[in-house]
Amino acid sequence: MLKIENVSKDYGDGLIFESVSMQVKRSEILSVVGPSGSGKSTLLNIMSGILKATEGTLTSEAERLSYVFQEDRLLPWITLKENILFVRDDISDYDLTHLIDMLGLTGAENKYPAELSGGMRQRAAIARAFAYEPDLLLMDEPFKSIDYYLKSKIIEALIKVWKERTITIVFVTHDIDEAILMADRILVLGDKPTRIIKEISIEHPRAVSEREQLNIRKSIKECWEEI
Ligand SMILES: Nc1ncnc2c1ncn2[C@@H]1O[C@H](COP(=O)(O)OP(=O)(O)OP(=O)(O)O)[C@@H](O)[C@H]1O
């Protein structure tokens with residue numbers, strides 16, 4: 001679905017990445033984990049094409065791309081429902097109601113962004129991204145201000161949508177458990193300039209035992225400590 005080759009990025013203050021190469025396979029859920037400041041958002045911006053790499057190439061087969069940013073980026077002068085319709089005004093009432101319900105937003109349809117909590121706004125941004133029916137969904141720390149219960153519900157919903165449609169998801173997070181819960185494959189970022197220091201594949205069905213989860217978490221932490 002997407003390939004970056006020998007990508008380097010320098011904002012003018014030194015290299016963030018040097019010669020990073022990676023691929024995103026069609027229909028996979030790929031998680032990129034890394035400490036704060038390791039360049040996760042930068043990498044996602046390069047993948048989306050909104051940021052140009054200093055060197056290297058991006059090849060993307062994505063035709064419909066949705067991007068959930070760290071900030072919700074809702075339009076403040078229209079309601080939650082209108083924000084969703086803004087990207088896709090031909091969505092059926094049934095699908096819209098289902099989407100809003102799936103994200104726990106029933107009852108808030110006609111509220112303006114300023115009337116919603118941070119978590120609700122973030123969920124509205126996720127609903128808007130789903131509504132667009134992307135073939136590639138990029139998400140930057142999408143569950144940051146969402147409580148544990150809702151987060152599990154949204155991850156469940158996301159995996160359901162992912163199973164129903166041919167959708168490729170790349171999401172960045174610094175939360176290892178979140179990555180283990182959702183991803184088929186995890187790329188671990190570290191070092192300076194940043195590089196991919198580890199790659200972990202998670203078997204299907206996604207029923208990772210607590211012990212396995214503990215081992216994966218431990219191995220990621222160990223490779224962060226080693227560098
Ligand atoms: N527009 C920019 N101009 C200059 N430097 C930038 C810009 N955007 C990011 N950086 C720098 O690039 C580095 C990586 O930032 P980035 O936001 O990609 O990391 P991150 O891993 O997503 O961080 P976080 O988890 O804290 O969101 C940081 O040192 C940051 O200060």
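All ligand and atom numbering here is 1-based and tracks the order in the structure.
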Inter-residue atom distance Ile50.CD1 - Asn45.CG, 0.5 Å rounding: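 One gets 4.0 Å once the value is rounded to the nearest 0.5 Å.
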
Separation of Arg185 CZ from Gln23 CD (nearest 0.5 Å):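 These two atoms lie 8.0 Å from each other.
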
Summary of salt bridge (Lys or Arg N to Asp or Glu O under 4.0 Å) pairs that have at least one residue in residues 113-126, sequence neighbours excluded: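 Found Asp72-Arg121.
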
Check against side chain to side chain contact (heavy atoms under 4.5 Å, CB included), Thr54 and Ile16: CA-CA 10 Å; Thr54 311; Ile16 307 292; over 6 Å; no

Enumerate, one pair per line, all nitrogen or oxygen atoms of ligand 1 lying under 3.5 Å from a protein nitrogen or oxygen, stating the separation to 0.1 Å; write 'none' if no such pair exists.
{"unit_1": "ligand 1", "atom_1": "8 (N)", "unit_2": "Tyr11", "atom_2": "OH", "d": "3.4"}
{"unit_1": "ligand 1", "atom_1": "18 (O)", "unit_2": "Thr42", "atom_2": "N", "d": "2.9"}
{"unit_1": "ligand 1", "atom_1": "18 (O)", "unit_2": "Thr42", "atom_2": "OG1", "d": "2.5"}
{"unit_1": "ligand 1", "atom_1": "19 (O)", "unit_2": "Gly39", "atom_2": "N", "d": "3.1"}
{"unit_1": "ligand 1", "atom_1": "21 (O)", "unit_2": "Gly37", "atom_2": "N", "d": "3.3"}
{"unit_1": "ligand 1", "atom_1": "21 (O)", "unit_2": "Ser38", "atom_2": "N", "d": "3.1"}
{"unit_1": "ligand 1", "atom_1": "21 (O)", "unit_2": "Gly39", "atom_2": "N", "d": "2.9"}
{"unit_1": "ligand 1", "atom_1": "21 (O)", "unit_2": "Lys40", "atom_2": "N", "d": "3.0"}
{"unit_1": "ligand 1", "atom_1": "21 (O)", "unit_2": "Lys40", "atom_2": "NZ", "d": "2.9"}
{"unit_1": "ligand 1", "atom_1": "22 (O)", "unit_2": "Lys40", "atom_2": "N", "d": "3.4"}
{"unit_1": "ligand 1", "atom_1": "22 (O)", "unit_2": "Ser41", "atom_2": "N", "d": "2.9"}
{"unit_1": "ligand 1", "atom_1": "22 (O)", "unit_2": "Ser41", "atom_2": "OG", "d": "2.9"}
{"unit_1": "ligand 1", "atom_1": "23 (O)", "unit_2": "Gly37", "atom_2": "N", "d": "2.9"}
{"unit_1": "ligand 1", "atom_1": "25 (O)", "unit_2": "Lys40", "atom_2": "NZ", "d": "2.8"}
{"unit_1": "ligand 1", "atom_1": "26 (O)", "unit_2": "Ser36", "atom_2": "OG", "d": "2.6"}
{"unit_1": "ligand 1", "atom_1": "27 (O)", "unit_2": "Gln70", "atom_2": "NE2", "d": "3.0"}

Under-4.0 Å salt bridge between Lys151 and Asp175: yes

Pair Lys144, Gln70: side-chain N/O donor-acceptor within cut-off below 3.5 Å: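 Side-chain D/A pair, Lys144 to Gln70: present.
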
